[in-house]
Amino acid sequence: MTTFENVAVTKKANVYFDGKCVSHNIVLADGTSKSVGVILPASLTFTTGAPEIMELLEGECKVTLAGETEAVTYRGGESFNVPGNSSFQIEVVEPVHYVCHFG
């Protein structure tokens with residue numbers, strides 16, 4: 001799927017890590033929340049409240065989930081799961097375009 005239909009979009013962007021990650025929140029017609037954004041090359045640590053699925057549309061990164069010691073490489077077309085109340089480190093090699101699916 002390359003588009004979302006019938007969504008509400010938060011106009012103001014979420015800007016994190018001095019602009020290295022920028023996203024917009026969307027809400028689908030069924031009430032499902034997601035964020036759509038871009039992460040520029042950097043090494044960052046994100047924390048989660050709810051479980052997340054990070055769907056990479058484009059780009060490349062190395063991800064280390066909390067409690068893990070080995071980074072796993074992900075590229076456009078792949079995704080990874082992050083447990084709720086957790087964190088992950090991400091080293092972005094090429095700008096990552098993503099959709100974050102919450103819950």
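Throughout, numbering of the chain's residues begins at 1 and tracks the sequence.
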key: 4.5 Å side-chain heavy-atom contact, Phe102 and Pro51   = no

request  = Could you check if a side-chain atom of Gln89 sits within less than 4.5 angstrom of a side-chain atom of Val63, using non-hydrogen atoms only?
outcome  = no

note = To the nearest 0.5 Å, atom OG1 of Thr73 lies from atom NZ of Lys62 at 5.5 Å

key: Cluster overlap Tyr98 with Leu44, hydrophobic side-chain contacts below 4.5 Å   = yes

inquiry  = To check you understand the geometry: which heavy-atom pair defines the closest contact between Thr45 and Ser87, and what is its length?
reply    = CG2-CB, 4.5 Å

ask   = To the nearest 0.5 Å, how far apart are OG in Ser79 and CG in Leu56?
value = 8.0 Å

ask   = Is there a path of hydrophobic side-chain contacts, each under 4.5 Å between heavy atoms of I, L, V, M, F, W or Y residues, that connects Ile39 with Leu57?
value = no

ask   = Are Val99 and Val96 joined in one hydrophobic group, where the rule is that I, L, V, M, F, W and Y side chains link up if heavy atoms are under 4.5 Å apart?
value = no

query = Short question: side chain of Ser35, backbone of Ile26 - any donor-acceptor pair under 3.5 Å?
reply = no

ask   = Would you say Val92 and Val72 are hydrophobically clustered, going by side-chain heavy atoms of ILVMFWY under 4.5 Å?
value = yes

request  = Using the salt bridge (charged side-chain N to carboxylate O under 4.0 Å, His left out) rule, collect all pairs that involve residues 78-103, keeping only residues at least two apart or in two chains.
outcome  = none

key: Val38 and Val22, any side-chain heavy atoms less than 4.5 Å apart   = no

request  = Using side chain to side chain contact (heavy atoms under 4.5 Å, CB included) as the criterion, point out the one residue from Ser43, Cys21, Cys61 that pairs with Ile90.
outcome  = Cys61

query = Hey, does Pro41 have a side-chain heavy atom less than 4.5 Å from the side chain of Pro95?
reply = yes

inquiry  = Just by distance, no angles: are the side chains of Glu52 and His101 close enough, under 3.5 Å, to form a donor-acceptor pair?
reply    = no

request  = State, with a plain yes or no, whether a side-chain heavy atom of Lys34 is found less than 4.5 Å away from one of Leu28.
outcome  = yes

inquiry  = Over 60° means perpendicular and under 30° means parallel, so tell me whether Phe46 and Phe88 are parallel, tilted or perpendicular.
reply    = parallel

ask   = Closest heavy-atom contact between Ala50 and Gly103?
value = CB-N, 4.3 Å

ask   = Is it the case that one hydrophobic cluster holds both Val36 and Val9, taking links as side-chain heavy atoms less than 4.5 Å apart, direct or via other members?
value = yes

message = Any non-hydrogen side-chain atom of Asn25 less than 4.5 Å from a side-chain atom of Asn14?
response = yes

Validation row: Leu65, Val82 side chains within 4.5 angstrom (heavy atoms) = yes

